[in-house]
Amino acid sequence: MRTVVVGASSGLGRCIGVGLAREGAPTALLARRRDRLAEAAKEAGPGALAIECDVTSADSCKRAIEEAANGLGGIDALVYSPGVGPLIRLADIDAETWHSTFATNVIGASLITAAAIPYLTESGGTAAYLSTVSASVTDPWPGLGAYAVSKAALDKLVEAWQVEHPKVGFTRVVVGNCVGGEGDSMTEFSSGWDLGLVTEVHPIWASRGYITENFLPVDELVRVVHNVLRNGASTSVPTVVVGPRL
């Protein structure tokens, strides 16, 4: 299963990329930070490819996918994990923040898919995209409205790709609370958040049951993604929801 994992230099993407490679899947790890990619590739083991890619650039996506396809001998699976979540109230979000959030969470997903679709069509492959419970399972979380809106757009984007390319399996992997692994494998989702706003919204999240003391073990997320990607060309898995038990 020749797999491309996008956003593999840190956080959940790194965990998934390294985990799939260790399961024996020939894997290409794509992300912006070359130094972290190199370390992730070492962790993944012999044969893992480290390819620099900026998902906000169509040219970068095309070059990276072509390099991955050449290095792997084709592409059977694509995993899109990047996600930025600015913590800011909707009334305070400026245009630049909206643009940057959608550029990574939505537009980047479509650019990388457009580059990979010829290879996925040829192999009858699968594409999986990490989404969030706040876009479909729960109400949007106060302070994370931009994130929820962009991930809801991603959910619909995945459906739109499926309609236009029925020979490829498209899956939304809706993830509950998961902090990733250790070191560079820990999620950087909350990096840069305003601690003052955190103290305001965190009690609301807790009171509504959005967060608990339990977190999804990242190894379980990797296992779920692996199972999704292993489905044959005759199987459709539109959505998988995975999170910690209460």
Side-chain angles (χ1 to χ4, degrees), residues 1-8 11-30 55 65 68-69 72 74-83 105-106 108-138 147-148 150-178 180 187 215-245:
M1 183 175 62
R2 301 161 297 181
T3 305
V4 174
V5 179
V6 186
L12 302 186
R14 181 178 180 133
C15 293
I16 292 170
V18 170
L20 294 177
R22 288 180 171 177
E23 289 290 330
T27 305
L29 309 177
L30 275 59
V55 298
I65 287 295
L72 298 175
I75 299 174
D76 301 305
L78 171 71
V79 179
Y80 191 84
S81 72
N105 295 358
V106 185
S110 198
L111 293 177
I112 206 75
T113 303
I117 200 67
Y119 304 102
L120 292 170
T121 301
E122 181 179 0
S123 65
T126 302
Y129 304 77
L130 297 195
S131 190
T132 174
V133 292
S134 67
S136 56
V137 178
T138 72
Y147 178 64
S150 66
K151 286 295 188 176
L154 173 68
D155 288 351
K156 187 58 67 173
L157 174 70
V158 173
E159 294 178 12
W161 272 102
Q162 183 67 85
V163 168
E164 294 193 7
H165 296 272
K167 291 185 179 180
V168 177
F170 289 89
T171 300
R172 298 173 299 173
V173 181
V174 180
V175 184
N177 296 327
C178 183
T187 180
F215 292 91
L216 175 69
V218 72
D219 290 345
E220 290 300 308
L221 174 60
V222 174
R223 180 182 63 81
V224 168
V225 172
H226 191 199
N227 286 339
V228 167
L229 300 182
R230 290 175 60 188
N231 285 312
S234 62
T235 303
S236 175
V237 185
T239 304
V240 171
V241 181
V242 56
R245 291 185 181 180

query: Passes side-chain contact (heavy atoms from CB on, under 4.5 Å), Leu221 versus Cys15? Steps please.
result: CA-CA 9 Å; Leu221 174 60; Cys15 293; over 6 Å; no
- prompt: So Val55 and Leu111, side-chain contact (heavy atoms from CB on, under 4.5 Å) or not? Walk me through it.
  reply: CA-CA 7 Å; Val55 298; Leu111 293 177; over 6 Å; no
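Applying the side-chain contact (heavy atoms from CB on, under 4.5 Å) rule to Ala135 yields the partners Ser131, Thr132, Lys151, Ala152, Asp155; only residues at least two apart in sequence or on another chain are considered. Remark: Asn231 pairs with Thr235, Val237 by the side-chain contact (heavy atoms from CB on, under 4.5 Å) rule, at least two apart or across chains. Residues passing the ring pair (Phe, Tyr, Trp, His ring centres under 6.0 Å) test with Tyr129: none are found, sequence neighbours excluded. Judged as a salt bridge (Lys or Arg N to Asp or Glu O under 4.0 Å), and not counting sequence neighbours, the contacts of Lys156 are Glu159. With sequence neighbours left out, the salt bridge (Lys or Arg N to Asp or Glu O under 4.0 Å) criterion links Glu220 to Arg223.
Residues Val242 and Val173 are in side-chain contact: their nearest non-hydrogen atoms beyond the backbone lie under 4.5 Å apart. With contacts defined as side-chain heavy-atom distances shorter than 4.5 Å, the pair Leu229/Leu20 qualifies.
Closest heavy-atom contact between Leu72 and Thr3: CD1-O, 3.7 Å. Nearest heavy atoms, Val228 versus Ala128: CG1-CB, 4.5 Å. Of all non-hydrogen atoms in Asn105 and Pro82, the two that sit nearest each other are OD1-O, 4.2 Å. Of all heavy-atom pairs between Ala148 and Ser134, the closest is CB-O, 3.6 Å. Nearest approach of Leu12 to Cys178, heavy atoms of both residues: CD2-SG, 3.7 Å. The shortest non-hydrogen separation linking Leu130 to Ser81 is CD1-CB, 3.7 Å.
With rounding to the nearest 0.5 angstrom, the CG atom of Leu157 is 11.5 Å from the OG atom of Ser150. How far OH of Tyr80 is from CD1 of Ile16: 13.0 Å, rounded to the nearest 0.5 Å.
Just one of Leu30, Leu29, Val79 meets the side-chain contact (heavy atoms from CB on, under 4.5 Å) condition when paired with Val4; it is Leu30.
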Could you pull out every donor-acceptor pair under 3.5 Å between side chains of residues 114-125 and any protein atom, sequence neighbours left out?
from	atom 1	to	atom 2	distance (Å)
Thr121	OG1	Ile117	O	2.7
Ser123	OG	Ile75	O	2.8
Ser123	OG	Tyr119	O	3.2
Ser123	OG	Leu120	O	3.3
Ser123	OG	Gly125	N	3.4

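The backbone N or O of Thr239 sits nowhere less than 3.5 Å from a side-chain atom of Thr171 that would complete a donor-acceptor pair.
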